[in-house]
Number of protein chains: 2
Amino acid sequence: MATIRDVAKTAGVSIATVSRVFNGSSAVNEETALQVWAAASALDYWPNGAARSLTTSRSSTLGVLLPDLFGDFFSEVIRGIDQLAKREKYQTLISGSHASVEDVLTATRAMRGRIDGLVMMAPDSITVESVTKIRRRLPVVLISPPFAVDGCSSVSIASFSGARAVVAHLVGLGHREIAMVAGPAGNVDAEERLRGYRRGLAEAGIQPRDELVVQGDFRESSGYAAAAALLDRRPRPTAVFAANDCMAIGLMSALGNAGLSVPQDVAVVGFDNIAIAQYMRPPLTTVHVDAYALGQKAVRLMLDTLSDPDGAKVTVQTIDVALKVRSSCGARPSTTADAYTGADTDQQR
Amino acid sequence: MATIRDVAKTAGVSIATVSRVFNGSSAVNEETALQVWAAASALDYWPNGAARSLTTSRSSTLGVLLPDLFGDFFSEVIRGIDQLAKREKYQTLISGSHASVEDVLTATRAMRGRIDGLVMMAPDSITVESVTKIRRRLPVVLISPPFAVDGCSSVSIASFSGARAVVAHLVGLGHREIAMVAGPAGNVDAEERLRGYRRGLAEAGIQPRDELVVQGDFRESSGYAAAAALLDRRPRPTAVFAANDCMAIGLMSALGNAGLSVPQDVAVVGFDNIAIAQYMRPPLTTVHVDAYALGQKAVRLMLDTLSDPDGAKVTVQTIDVALKVRSSCGARPSTTADAYTGADTDQQR
DNA sequence: GAGCGCCATGTAAACGGTTTCATAGTTTCA
DNA sequence: TGAAACTATGAAACCGTTTACATGGCGCTC
């Protein structure tokens with residue numbers, strides 16, 4: 001493995017000059033630079049990343065921490081992160097499946113000295129203290145955090161208002177018995193969607209009832225399982241709002257197996273608008289969330305934090321969502337404009 | 001940021017001792033070790049990764065290169081990679097969306113000195129030369145490579161035999177006019193599936209006809225679009241094999257919109273068995289591919305390569321696939337055992 | 001009780017870069 | 001024409017570790 005010294009020797013210059021050439025810094029005679037490039041290419045040389053970060057104390061790498069969830073939505077988020085990071089010449093050190101606070105701390109420890117900042121989609125069990133602790137040594141941006149942390153920018157999904165809009169829409173279609181398949185307890189977005197569902201009902205003058213809420217875990221199977229429980233309810237719900245599309249899809253499958261048709265017998269609405277939602281039979285009414293943009297915004301906030309000298313600028317963003325009416329809710333799908341909801345706030349403090 | 005020197009000073013020992021404590025190496029007096037731990041924890045010290053890799057020339061990090069594809073299948077592969085890597089105390093440096101050979105070389109250059117090995121799901125345009133070049137400096141494991149490379153272990157999907165089994169199954173159900181929605185040209189698995197489709201037809205004494213093959217790109221939309229083309233064919237195909245599930249789902253959606261029912265009017269079969277496949281209406285007959293295992297095997301091969309002193313051991317694996325009969329093909333779904341196909345070869349040379 | 005070996009620890013040299021500062025050579029300008 | 005300013009380059013310190021080697025103390029053995 002050729003080092004900077006080999007290149008220097010081959011090019012007949014000092015290592016300082018080679019370094020300058022590779023960093024495009026200050027003035028190096030053009031002819032000299034060409035010799036250096038030639039030597040480097042002959043030796044297949046490229047600066048060693050570890051050595052470089054050791055002296056510069058910058059790694060051009062972003063750490064990404066993910067919870068144990070996966071699937072279409074999360075892979076879109078990662079794609080957004082990766083692409084913007086790549087465009088900005090950053091690499092991406094990913095670590096998934098963190099269930100506990102201890103897990104997270106271990107992972108960030110292992111990343112020490114290898115990353116310039118941490119984008120964190122934390123597990124539900126994370127605490128303010130642990131994030132604060134990490135923040136002391138490293139810029140941190142949070143995605144859908146359960147709380148605000150001093151010095152951390154964050155970007156969240158307008159889950160509450162999206163869910164409220166879903167209920168309002170269903171009520172507008174005449175539904176009164178609206179059930180919900182909730183997401184995993186503890187998950188912020190799951191809870192916000194549940195809260196929005198309850199608020200939506202209350203605003204329509206309908207008393208939210210706990211027996212109409214079935215617990216799920218964001219996966220298809222739990223949506224499928226939820227159907228059995230809901231079909232037992234009397235009066236039977238005429239509409240079901242699932243906290244994400246995967247569960248909605250599982251639910252629709254179970255309803256079909258039970259001989260019920262969507263939306264005639266039961267209306268179904270999901271959340272996220274994953275790629276397949278529009279290809280379901282019937283096409284799934286859902287709340288569109290731009291997962292790709294979510295990932296991108298997180299990286300953008302991180303870059304802002306990194307370029308901010310004293311780390312004083314903290315931005316708390318919410319990405320907007322939009323009700324996407326298709327057929328599964330029984331409404332005539334609006335082919336053009338979708339009902340808009342949610343806010344794209346961008347506060348600085 | 002506390003360094004090893006700060007800890008040494010606080011604990012009243014030399015930096016060598018601190019290093020030894022953190023590496024569990026050789027004998028350190030238990031009492032001394034405790035003092036070091038105490039000092040480290042008081043200063044919130046953890047060894048700097050960059051410095052460590054500089055001296056040891058090991059980074060405990062695996063590079064992962066992905067093409068521009070995404071979705072359920074790929075995120076499962078990544079999950080498999082990440083989880084096994086994590087369990088084996090490796091970190092994962094991911095870089096996605098590589099379209100060209102140049103892209104790949106740039107990415108691997110940027111990783112230089114930061115990774116111990118590279119797991120590569122290369123773009124279709126990759127060449128033997130470029131992989132060979134990378135291999136000269138770094139262990140490389142390939143996923144679904146278009147060719148074998150000296151010194152590189154690889155793991156592939158039994159796409160050919162899976163596709164052949166699909167056709168055999170459809171022929172067994174009485175279909176003769178079997179169309180295919182192919183994957184992107186150049187993609188190895190897409191091409192193997194196409195080849196398996198043709199072979200399957202030939203083995204059944206049916207002449208493969210090019211007008212029954214529609215080009216897709218592995219995404220739902222292309223499956224949707226393919227329907228229009230296929231429904232024009234006379235005689236109309238009675239069965240369609242899509243090269244992956246996403247396209248099959250898009251296809252089914254379009255067929256439904258055209259007033260055709262699956263499987264009565266047209267039988268549909270996919271490939272991959274992504275999570276939602278079983279929740280489709282009708283449930284999608286497909287070829288099961290264990291994407292998670294695929295990722296895991298790649299990492300396992302990498303670990304083997306890394307622990308192999310002279311890098312002589314090269315393993316070429318194929319992960320087996322299995323036809324998963326559900327309703328979309330019109331057969332009575334086998335609830336228990338699935339028809340088995342494909343080989344799990346494990347040759348060493 | 002001198003010699004030997006072992007154990008715990010310290011000293012210092014890498015590892016491969018970046019960067020500050022010094023220096024020699026070349027302009028520029030009065 | 002000589003001082004000043006600038007340009008291109010080199011020498012050397014430093015980044016935070018690991019590790020080969022040196023060292024000193026102690027318990028054994030003969």
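Sequence lines set the chain letters: A, B, ... in the order given, protein chains first and strands last, and positions in each chain run from 1.
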Of the candidate nucleotides D/dT18, C/dT18, C/dT9, which contains the atom at the shortest distance from the side chain of A/Ser19?
C/dT18
Can you tell me which residue pairs pass the side chain to side chain donor-acceptor pair (under 3.5 Å) test with a partner in residues 116-126 of chain A, sequence neighbours excluded?
A/Ser59-A/Asp116
What are the atom names and distances for every N/O pair under 3.5 Å that joins the protein to nucleotides 14-16 of chain C?
from: C/dG16; atom 1: N7; to: A/Arg5; atom 2: NH2; distance (Å): 3.4

Rounding to a whole Å, what distance do you find between B/Ile15:CD1 and C/dG10:P?
10 Å
Partner set under salt bridge (Lys or Arg N to Asp or Glu O under 4.0 Å) for B/Asp103, not counting sequence neighbours
A/Lys86
Among all residues two or more places apart in sequence or in another chain, which pass the salt bridge (Lys or Arg N to Asp or Glu O under 4.0 Å) test with B/Asp6?
none
Sugar-phosphate, base or nothing in reach of A/Val13, heavy atoms under 4.0 Å:
sugar-phosphate
Measure the angle between the two terminal helix axes of the helix from C/dG1-D/dC30 to C/dA30-D/dT1, five base pairs each, and quote it to 10°.
50°
Sorted by chain and residue number, the side chain to side chain contact (heavy atoms under 4.5 Å, CB included) partners of B/Lys133 (sequence neighbours excluded) come out as A/Asp44, B/Arg136
If I take atom CZ in residue A/Arg112 and atom C1' in nucleotide D/dT17, what distance separates them, rounded to the nearest angstrom?
15 Å
A/Tyr45 meets the ring pair (Phe, Tyr, Trp, His ring centres under 6.0 Å) criterion, sequence neighbours left out, with A/Phe22
Test side chain to side chain contact (heavy atoms under 4.5 Å, CB included) applied to B/Ala298 - qualifying residues, sequence neighbours left out
B/Val119, B/Val141, B/Ile143, B/Val155
Can you tell me how far the CD1 atom of A/Ile115 sits from the CZ atom of A/Arg58, to the nearest 0.5 Å?
13.0 Å
Quick one: side chain to side chain donor-acceptor pair (under 3.5 Å) partners of A/Gln35, sequence neighbours excluded?
none
I need the CD-C1' distance between B/Glu30 and C/dA8, as an integer number of Å.
14 Å
Please name all residues satisfying side chain to side chain contact (heavy atoms under 4.5 Å, CB included) with B/Ala110, sequence neighbours left out, ordered by chain then number.
A/Gln91
List in chain and number order the residues that pass side chain to side chain contact (heavy atoms under 4.5 Å, CB included) with A/Ser41, two or more places apart in sequence or in another chain; answer none if no residue qualifies.
none
Taking atom P of D/dC15 as reference, at what distance in whole Å does atom CZ of A/Arg114 sit?
20 Å
Rounded to whole angstroms, how far apart are CG on A/Asn29 and P on C/dG25?
16 Å
Ordered by number, residues from residues 31-39 of chain B within less than 4.0 Å of DNA chain D (heavy atoms) are none
Just N and O in the side chain of A/Asn23: are any of them under 4.0 Å from OP1 or OP2 of C/dT18?
yes
Residues B/Ser97 and A/Gln83: side-chain donor-acceptor under 3.5 angstrom
yes
